[in-house]
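The next block holds one structure in the form of structure tokens; read it before the comments.
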Amino acid sequence: MTAAAPAQGPGRALLLAAFVALLFLGTGIFQSWTLALLIVNMALVSSIMALGVNIQWGYAGLFSVGTMGFVALGGVSVVLISSAPAPGGWAAGGPGILLGLCMGAATIAAAVMAAAKLPKGRVRGLAVAAILIAGFLIFRAIFDPAVQAVEANNPSVHGNLGGLGLPVLLAWPVGGLLAAAAAWAIGKTALGLRSDYLAIATLGIAEIILAVLKNEDWLARGVKNVISLPRPVPYEVDLQRSQAFLDWANSFGFDPITASSIVVRLMYTGLFAIVLLLLIWLSQAALHSPWGRMMRAIRDNEVSAEAMGKDVTRRHLQVFILGSAVIGIAGAMMTTLDGQLTPGSYSPLRFTFLIWVMVIVGGSGNNWGSVLGGFLIWWLWVMVEPIGNWLMTVVTSGMAEGWLKGHLINSAAHMRLLTMGLILLLVLRFAPKGLLPER
């Protein structure tokens, strides 16, 4: 029994991986390879998001539901790094915005220093309050006019500062750094809370981040969106104009339009797969290192770990930052794939709940389980609705026209949420540790 157990784990993983691969192959064969590759690319990005959540929850037991905020910060990094500078934007108010932000940071730093240096009492409270009020007034006096000037600069096209015009691949690690910086600020204040309060705090902070993106037009045009972002691969229309590509497609009897779409998606697949494999390698190395064993010991029993001299709060902050950085990288990759930043499209259902379902179904604490859950759940999320439409059409084919038939067909749109809930319930009932449990 003991000797056969190790072989059972890899065999089960291979069978599940083969089953998921068949789902994608079937999509390509029976529908279109363009659709199949699009689902694959978003599944790769979703798997990286699930990997980041797994680092926080599976390694350390941190119940954070602020995933949406870190994904959005990763998307913003693409605009700030790779989009072209807005003509006249920096001249209109760029220096004032930077000076105002520096003033705000200096105010916070001065308040923290005053609270640390002054003795407890009324004097310290009054001094900190005076610093914050004065700093806030100076900040708004500098920041607000600069923002108004930038947002008034050709708002139909720009109305923001724009980016640095650097290669878009550079925005991916920057997205991770931006999310990590936000995680540090959040973690310094929220990680001392109990798990349920931590979840509420991170969800609220994620909504704050999204509200800033929607309302601060100078940053990324708010709800007016930023479109036509640079891509790391050619545009399909550019391939279709290339005579060498047309000759290659004709030599194999391919339609140039379909071939260009497939080639571009395969390029994205290669880039995303490289990032995923690199992160998996690093995550596995960390998990099986002394640091990883320490994190799991803290997760299983914080009191015992603290009694052994481990700084639990500091380690929680470390793993919270690492997981958030991975999520930020995935957010930058997703915005690059979309070619646009649309703050209105970020929702907790898609970028928090669904990612948690991937981790739970795949197996928390198992990096490969998170990847499996990412691919399986994303395929279901995309394909369940059209399958539900087909199923309802078949079921109601013999029914007379009327209210009931129309209601059943229209209800197919809810099959997606019903399926996610049903899968989650079945996994929690029959495989509470996930399809690939932690070993």
Side-chain angles (χ1 to χ4, degrees), residues 21 23-49 71 74-85 157-158 162-172 174-175 220-221 224-277 329-346 350 374-375 378-379 381-383 385-386:
L23 294 178
F24 285 90
L25 288 173
T27 303
I29 294 171
F30 295 106
Q31 291 189 270
S32 74
W33 290 107
T34 302
L35 173 62
L37 288 172
L38 180 61
I39 300 175
V40 167
N41 289 333
M42 278 305 301
L44 286 166
V45 174
S46 298
S47 296
I48 295 175
M49 294 180 190
V71 172
V76 170
S77 70
V78 180
V79 176
L80 300 179
I81 297 298
S82 65
S83 65
V157 179
H158 298 294
L164 300 177
L166 299 174
V168 68
L169 291 179
L170 184 62
W172 296 3
V174 172
R221 301 198 73 216
K224 291 182 285 188
N225 305 333
V226 180
I227 60 175
S228 301
L229 291 170
R231 299 169 62 175
V233 300
Y235 278 94
E236 290 85 349
V237 67
D238 293 332
L239 290 179
Q240 295 164 20
R241 292 171 180 168
S242 170
Q243 189 59 46
F245 177 80
L246 293 176
D247 293 340
W248 172 82
N250 291 328
S251 65
F252 287 94
F254 296 150
D255 173 47
I257 296 176
T258 304
S260 63
S261 180
I262 291 175
V263 168
V264 168
R265 281 166 171 74
L266 282 174
M267 290 180 180
Y268 272 120
T269 301
L271 285 173
F272 292 170
I274 290 172
V275 175
L276 176 61
L277 291 175
I329 292 171
M333 294 166 62
M334 187 191 71
T335 300
T336 303
L337 178 64
D338 293 340
Q340 59 183 356
L341 177 69
T342 54
S345 65
Y346 292 104
R350 164 66 182 92
F375 274 82
W378 182 251
W379 185 89
W381 182 257
V382 175
M383 297 303 298
E385 187 169 342

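Residue numbers run from 1 in the order of the sequence given. Bear in mind the structure is a predicted one, so any value in this text is a computation, not a measurement. Note: hydrogens, waters and symmetry copies are ignored here, and every other heavy atom, side chains too, is used.
- Across P167 and I81, no two heavy atoms sit closer than the pair O-CG2, 4.3 Å.
- Side-chain N/O atoms of R350 and S46 include a donor and acceptor closer than 3.5 Å.
- No donor-acceptor distance shorter than 3.5 angstrom exists from the side chain of S261 to the backbone of T258, with no hydrogens or angles considered.
- Put simply, CZ on F272 and OG on S47 are 12.0 Å apart, with the number rounded to the nearest 0.5 Å.
- Residues R221 and V79 are not in side-chain contact: their nearest non-hydrogen atoms beyond the backbone lie 4.5 Å or more apart.
- Nearest heavy-atom pair, W172 versus I329, reported as atom, atom and distance to 0.1 Å: O-CG1, 3.6 Å.
- Looking at every heavy atom in both residues, F375 comes nearest to A43 through CD2-CB, 3.7 Å.
- Taking the side chain as every heavy atom from C-beta outward, N225 and Q340 never approach each other to under 4.5 Å.
- Other residues, nucleotides and ligands place more than 12 heavy atoms under 6.0 Å from the CD1 atom of I29.
- Side chain of T27 to backbone of A36: no donor-acceptor contact under 3.5 angstrom is found.
- Looking at heavy atoms from C-beta onward, F245 lies in side-chain contact with V263 at the 4.5 angstrom threshold.
- For CD1 of I257, the number of neighbouring non-hydrogen atoms (other residues, nucleotides, ligands) closer than 6.0 Å is 12 at most.
- A 4.5 Å side-chain heavy-atom check between V233 and L271 finds at least one atom pair inside the cut-off.
- Considering only heavy atoms from C-beta on, L25 stays 4.5 Å or farther from F30 through its side chain.
- Two residues are said to be in side-chain contact when any heavy atoms from C-beta on lie closer than 4.5 Å; V45 and N41 fail this criterion.
- In this structure, W248 has its ring center under 6.0 Å from that of F252.
- Here the straight-line distance linking atom CE of M383 with atom CD1 of I39 works out to 5.5 Å at 0.5 Å rounding.
- Counting only heavy atoms from C-beta outward, the side chains of T269 and L44 approach each other to under 4.5 Å.
- Atoms CE and CG, on M333 and L276 in that order, are 7.5 Å from each other to the nearest 0.5 Å.
- Atom CG in L169 sits 7.5 Å away from atom OG1 in T336 (nearest 0.5 Å).
- Here M42 contributes atom CE and L37 contributes atom CG; the two are 14.0 Å apart, rounded to the nearest 0.5 Å.
- The nearest pair of heavy atoms linking G75 to L341 is C-CD1, 3.9 Å.
- A distance-only check finds a donor-acceptor pair linking the side chain of T335 to the backbone of G331 [under 3.5 Å].
- Taking CD1 from I262 and CZ from F254, the interatomic distance works out to 7.5 Å, rounded to the nearest 0.5 Å.
- Closest approach of S82 and P230 over heavy atoms only: O-CG, 3.1 Å.
- Across all their heavy atoms, Q240 and S260 have their closest contact at NE2-OG, 2.9 Å.
- Legend: salt bridge (charged side-chain N to carboxylate O under 4.0 Å, His left out) pairs involving residues 248-270, not counting sequence neighbours, sorted by first then second residue: E236-R265.
- Considering only heavy atoms from C-beta on, R231 comes within 4.5 Å of V264 through its side chain.
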